[in-house]
Protein chains: 2
Amino acid sequence: MVKIKDIALKCGVSTATVSKALHNSSELKEETIAYICKTAKEMGYIPNASARSLKLKKTYSIGILFVDQTSSGLRHEYFSSILDSLKVAAESKGYDVTFISKNITNNNMTYLEHARYRNVDGVVIASVDFHDEQVIELVNSEIPTVTIDYIYNNSTAIMSDNTSGMEKLIHYAVSRGHKKIAFIHGEMTDVTNKRLAGFYKAMKEYNLKVNPNYVLEGRYHDPKAAGQATKKLLNSGEEIPSCIIYPDDVSLIGGETAIQQCGYKIPDDISVIGYDGVNISRILRPIITTYVQNSDALGKLAVINLIDRIENPNTFTPKIVYVEGSVQDGETVKDIF
Amino acid sequence: MVKIKDIALKCGVSTATVSKALHNSSELKEETIAYICKTAKEMGYIPNASARSLKLKKTYSIGILFVDQTSSGLRHEYFSSILDSLKVAAESKGYDVTFISKNITNNNMTYLEHARYRNVDGVVIASVDFHDEQVIELVNSEIPTVTIDYIYNNSTAIMSDNTSGMEKLIHYAVSRGHKKIAFIHGEMTDVTNKRLAGFYKAMKEYNLKVNPNYVLEGRYHDPKAAGQATKKLLNSGEEIPSCIIYPDDVSLIGGETAIQQCGYKIPDDISVIGYDGVNISRILRPIITTYVQNSDALGKLAVINLIDRIENPNTFTPKIVYVEGSVQDGETVKDIF
DNA sequence: TTGTATGCGTTATCAT
DNA sequence: ATGATAACGCATACAA
């Protein structure tokens with residue numbers, strides 16, 4: 001690998017001059033810069049990030065924290081598309097992306113230790129257990145962080161607006177004439193709480209009574225759980241709802257199967273609504289009526305805000321950025337008037 | 001950040017001794033090591049990867065190269081699950097994972113330049129245009145590489161065995177009594193060529209004639225293209241096939257819609273077979289009969305082989321590792337005897 | 001306008 | 001068994 005010293009030798013100047021030339025320093029004569037840069041390119045010079053980082057205490061790389069449990073968040077389209085947009089945004093700003101995890105080497109580092117070890121300039125935290133002590137430690141550290149879908153009081157948060165998302169769905173369902181709306185939600189996480197809040201709030205706005213038996217717990221990305229909850233709902237002896245909202249599009253598919261097994265037709269007898277707006281929701285027939293989360297914007301905004309904080313630490317104050325999605329007008333909700 | 005010097009000061013020894021202690025050098029007295037390591041931990045010492053890398057010319061990090069076009073490979077479950085398993089395997093070996101791309105900083109680096117800049121110890125190449133000059137440059141460089149689903153003659157390749165995958169599918173279809181088998185394949189890539197080879201080979205083995213009109217081109221992950229090809233097939237005036245094989249599970253869904261629109265029932269009139277075995281294939285009803293690619297094994301093997309090459313450069317010779325998947329016995333193929 | 005010298009944190013060689 | 005010191009490649013304060 002050719003280094004600054006080599007260029008200096010070839011050009012008959014000092015390493016300092018070369019370094020300055022490569023940074024387009026105004027101290028140097030135009031022609032010196034041109035000459036040095038030209039030979040540097042000819043010699044195939046590539047700076048050494050490690051050396052630079054050691055000197056500058058800055059790596060131009062950001063860490064990305066995805067949970068590293070058995071079934072990583074990466075496998076969910078919502079997160080993989082966040083990762084993708086995040087990566088693109090970071091690269092366009094000159095930052096590289098590195099995964100942060102616990103298990104680096106044998107000497108079990110914490111997230112914070114790992115981030116320090118790699119000297120990342122900041123970390124985007126997504127899809128983790130936000131109550132994990134190690135995550136909290138990281139957020140409270142000197143390392144700039146941005147969280148996705150969770151709010152700490154000292155870190156910027158990019159939020160897919162789950163409350164307004166639910167409100168929009170209820171609004172949509174009501175505008176189609178639905179009044180008996182059931183909500184099968186995911187396990188009790190913060191996201192779920194927000195959706196529940198939106199659900200109750202919107203129902204109240206329309207003066208619709210919420211039948212307590214119409215609110216059931218399923219699990220995210222678990223069609224079987226959704227199916228079970230659906231059957232429980234339909235076999236309870238209670239009047240059946242005209243519309244069921246599911247935790248996500250994948251759960252919805254499990255729900256659809258259960259509904260059909262109970263002898264009902266979609267959407268003629270029962271309408272169904274999903275959440276996420278994953279790719280498949282547009283491919284299946286009937287097209288799924290669902291709430292499309294703007295995962296592209298989430299990833300991009302996370303990076304923009306993180307880098308802004310990194311590069312302007314003085315003007316920084318924690319922000320909460322809400323990202324709105326939109327209702328996908330599919331074919332699983334029937335007009336009933 | 002506490003550094004070796006701080007520990008040395010506190011312990012009243014030299015930095016050299018601390019460094020040795022932290023590496024469990026046999027030169028040192030047991031008790032010295034114990035004492036130094038204890039205080040190091042107490043002081044919250046974390047090594048500095050940049051400094052270490054500068055000295056050792058080794059970063060304990062590997063690059064991962066995904067295409068960075070508009071629609072990144074990351075969005076396909078096949079690749080995101082490869083990435084996930086790859087990440088887990090790398091971390092368990094003490095290596096971190098960094099994305100390699102073109103656009104780092106303004107001064108458009110090539111893949112190779114980027115890899116050199118970050119001093120990654122090796123690169124896993126997946127989901128790219130393998131004819132891209134920059135990719136070829138990287139593979140031919142001094143940096144160890146492992147490719148996924150493509151073979152260069154001087155780099156280890158981890159291959160999802162597309163030929164035997166197709167053979168297994170044909171075998172499965174034939175064992176169910178099918179003879180009139182159509183194959184809608186993806187655009188003409190190397191993967192497609194392998195699948196075509198497997199298709200023709202297996203058909204020949206069973207002495208089944210391939211109707212040329214039964215082989216059509218669709219596009220990967222494009223249900224619309226699959227639907228069009230399906231309609232072309234069914235409206236050609238030709239006798240309809242009893243079974244259609246699609247480029248992937250998502251395409252299959254588009255095919256199913258087309259088949260139903262043409263007035264046929266699945267699988268009673270026409271059986272369908274997918275490829276990939278994505279999550280959704282198990283969730284939909286009917287469950288998709290498909291070839292499940294072992295993406296976990298692919299990611300893991302890529303890392304294992306890459307690290308092996310990194311750590312044992314002398315004993316290395318390029319290998320080709322074939323990873324077999326298995327037929328998922330779904331509900332979209334009918335027995336016809 | 002250019003050069004000299006130093007230090008970033010670590011490891012390794014060679015003394016002691 | 002431990003310590004002094006140089007070197008890794010780069011950027012910068014300061015000198016010339």
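As the structure is a prediction and not an experimental result, all values here were calculated from the model. By convention in this document, chain letters (A, B, ...) are assigned in the order of the sequence lines, proteins followed by strands, and residues within each chain are numbered from 1.
- Between the CG atom of B:D6 and the P atom of C:dG9 there is a distance of 9 Å, rounded to whole Å.
- Between the P atom of C:dC8 and the CG atom of A:N48 lies a distance of 18 Å, rounded to the nearest Å.
- Not a single donor-acceptor contact under 3.5 angstrom links the side-chain atoms of A:K20 to the base of D:dA11.
- Nucleic acid contact for A:I4: sugar-phosphate only, since backbone atoms but no base atoms lie under 4.0 Å from a heavy atom of the residue.
- A side-chain donor-acceptor contact under 3.5 Å links B:T59 to the backbone of B:N119.
- Using modelled atom types and a 3.5 Å distance limit, the side chains of B:S50 and B:S53 yield no donor-acceptor pair.
- Closest to the B:V13 side chain, of the nucleotides D:dG9, D:dG3, D:dA11, is D:dG3.
- Here B:Y35 does not reach the OP1 or OP2 of D:dA1: none of its side-chain N or O atoms lies under 4.0 Å away.
- Regarding contacts with the backbone of D:dC10, a side-chain N or O of A:Y45 is found under 4.0 angstrom from either OP1 or OP2.
- Atom CG in A:N119 sits about 10 Å away from atom P in C:dG9, given to the nearest Å.
- Listed nucleotides: C:dT10, C:dT4, D:dG9. Nearest to the side chain of B:K57: D:dG9.
- The distance from atom CD1 of B:I36 to atom P of D:dG3 is 8 Å, rounded to the nearest whole Å.
- Counting only heavy atoms from C-beta on, A:K29 has its side chain closest to C:dT2 among D:dC10, C:dT2, D:dT2.
- With DNA chain D read from its 5' end, the first of the two nearest nucleotides for A:T15 and B:T32 is the one closest to B:T32.
- In this model, the phosphate group of D:dG9 is not approached by any side-chain N or O of A:R52 to a distance below 4.0 Å at OP1 or OP2.
- The distance between atom CG of A:L9 and atom C1' of D:dC10, rounded to the nearest whole Å, is 16 Å.
- Open room surrounds CD on A:E30; 12 or fewer heavy atoms of other groups in view lie less than 6.0 Å from it.
- Going from atom OH of B:Y60 over to atom C1' of C:dT10 covers 14 Å, rounded to whole Å.
- A donor N or O paired with an acceptor N or O is found under 3.5 Å between the base of C:dT11 and the side-chain atoms of B:K55.
- Ring centroid separation for the pair B:F99 and A:F99 comes in under the 6.0 Å cut-off.
- Under a 3.5 Å cut-off, the side chain of A:N162 and the backbone N or O of A:S160 do form a donor-acceptor pair.
- The side chain of B:A51 lies closest to C:dG9 when the candidates are C:dG9, C:dA5, D:dG3.
- Between B:K319 and B:D308 there is no salt bridge, since no side-chain N of the basic residue sits under 4.0 Å from a carboxylate O of the acidic one.
- Contact check, B:S19 against C:dT11: a side-chain N or O comes under 4.0 Å of OP1 or OP2.
- Here D:dT2 presents its P atom at 17 Å from NE2 of B:H23, a figure rounded to the nearest Å.
- Proximity note for B:K3 (side chain, C-beta onward) versus D:dA11, C:dG9, D:dT2: the nearest is C:dG9.
- Rounding to whole angstrom units, CD1 of residue A:I46 and C1' of D:dC10 are separated by 15 Å.
- The residue among B:T17 and A:L54 whose nearest nucleotide of DNA chain D is located toward the 5' end is B:T17.
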